[in-house]
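Structure, as structure tokens:
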Amino acid sequence: MWLINSSVGRKVVMSVTGLFLILFLTFHALMNAVALISFDAYEAICNFLGANWYALVGTAILAGGFVLHICFAFWLTWQNRAARGSDRYEVTARPASVEWASQNMLVLGIIAACFLVIHLFHFWANMQLPEIMGEHPTSGYEALAAAFSQLWVLPVYLVGFAAIWLHITHGFWSAFQSLGTNNDVWINRLKCIGWWWATIVMGLFAVEACYFTWFFAL
């Protein structure tokens with residue numbers, strides 16, 4: 001199959017799954033922002049996104065996209081290292097401002113994946129998983145309180161947000177380049193859009209984490 005057997009196809013899979021995950025992060029940040037205004041409204045959203053069939057389908061698609069993104073990241077990194085020695089996976093004409101991120105995309109992705117495991121333990125394992133198992137789930141408010149009442153959680157989350165920010169500021173425009181957008185004018189525009197998009201989304205996550213820590217732990 002072309003998407004698996006060619007390096008171009010594998011980059012397409014990486015790009016599509018990466019953009020899909022960026023869209024999910026945007027939705028997740030906006031969903032969490034509801035809790036800044038009303039915990040009752042946030043609870044209503046959590047109940048809507050419980051163990052209903054559409055939520056389970058969405059969770060399965062999201063998990064599949066993430067697994068594909070991680071697997072193809074390792075595959076492409078191994079392929080490029082085998083072809084070019086110790087050089088990291090990179091795209092051409094990268095600006096100096098993202099040089100470090102472009103050379104360390106796999107490391108940043110691993111940090112983000114480790115952060116995701118902690119995040120899933122705090123929320124998915126206490127909310128949707130028990131409902132799937134036929135047990136009583138933790139409410140959204142209770143999950144927030146349990147996680148952010150622990151002071152160590154905030155710095156861990158902020159490190160995770162920073163790693164994801166670095167990962168997607170490069171990954172956003174790089175994905176479009178891999179999908180065929182090679183025009184210098186549009187690449188520069190996409191770099192700008194990606195930087196602002198990532199900064200707003202991850203900045204919103206950081207504000208939410210700081211607020212929840214202040215509310216539940218201080």
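- Here the closest non-hydrogen pair linking T181 and W186 is CG2-CB, 3.9 Å.
- In the hydrophobic cluster analysis, where Ile, Leu, Val, Met, Phe, Trp and Tyr join through side-chain heavy atoms closer than 4.5 angstrom, V207 is grouped apart from Y42.
- Residues meeting the ring-ring contact (aromatic ring centres under 6.0 Å, His included) test with F39, sequence neighbours left out: Y141, F215, F216.
- Relative orientation of the F123 and H119 rings is tilted, given thresholds of 30° and 60° on the angle between their planes.
- In terms of heavy atoms, V153 sits closest to A147 at CG2-O, 3.1 Å.
- The aromatic rings of F205 and H28 sit perpendicular to each other, their planes meeting at more than 60°, with 30° as the lower class boundary.
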Decide yes or no on side chain to side chain contact (heavy atoms under 4.5 Å, CB included) for W165 and T169, but give the supporting numbers first.
CA-CA 6 Å; W165 181 85; T169 49; 3.6 Å; yes

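- With values rounded to the nearest 0.5 angstrom, L49 atom CG is found 8.5 Å from Q128 atom CD.
- One finds the CG atom of N188 at 11.0 Å from the CD1 atom of I193 (value rounded to the nearest 0.5 Å).
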Show your working on side chain to side chain contact (heavy atoms under 4.5 Å, CB included) between C210 and L154 and close with a plain yes or no.
CA-CA 7 Å; C210 290; L154 179 61; 4.1 Å; yes

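- For F172, the ring-ring contact (aromatic ring centres under 6.0 Å, His included) test picks out F176, W197, with sequence neighbours left out.
- The distance between the ring centers of Y211 and F148 does not fall below 6.0 angstrom.
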Go through it in stages, so that I can follow the logic: the residues are T59 and W124, the test is side chain to side chain contact (heavy atoms under 4.5 Å, CB included), and I'd like the CA-CA distance, side-chain angles, deciding distance and then a yes or no.
CA-CA 10 Å; T59 300; W124 184 80; 4.1 Å; yes

List the steps and the verdict of side chain to side chain contact (heavy atoms under 4.5 Å, CB included) for I187 and K191.
CA-CA 6 Å; I187 284 295; K191 289 172 185 175; 3.3 Å; yes

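- Scanning both residues, A55 and G50, for their nearest heavy atoms gives CB-O, 3.1 Å.
- Heavy-atom contacts from other residues, nucleotides or ligands closer than 6.0 Å to CH2 of W53 number 12 or fewer.
- Under a hydrophobic clustering in which Ile, Leu, Val, Met, Phe, Trp and Tyr are joined whenever their side-chain heavy atoms come within less than 4.5 Å, directly or via other members, M202 and L36 fall into the same cluster.
- For the atom pair NZ (K11) and CD (Q177), the distance works out to 9.0 Å, reported to the nearest 0.5 Å.
- L30 and L144 fall into different hydrophobic clusters, defined by Ile, Leu, Val, Met, Phe, Trp and Tyr side-chain heavy atoms under 4.5 Å apart, directly or through other members.
- To the nearest 0.5 Å, atom OG1 of residue T213 and atom OH of residue Y157 are 9.5 Å apart.
- Put simply, CG on L166 and CG on N104 are 9.5 Å apart, with the number rounded to the nearest 0.5 Å.
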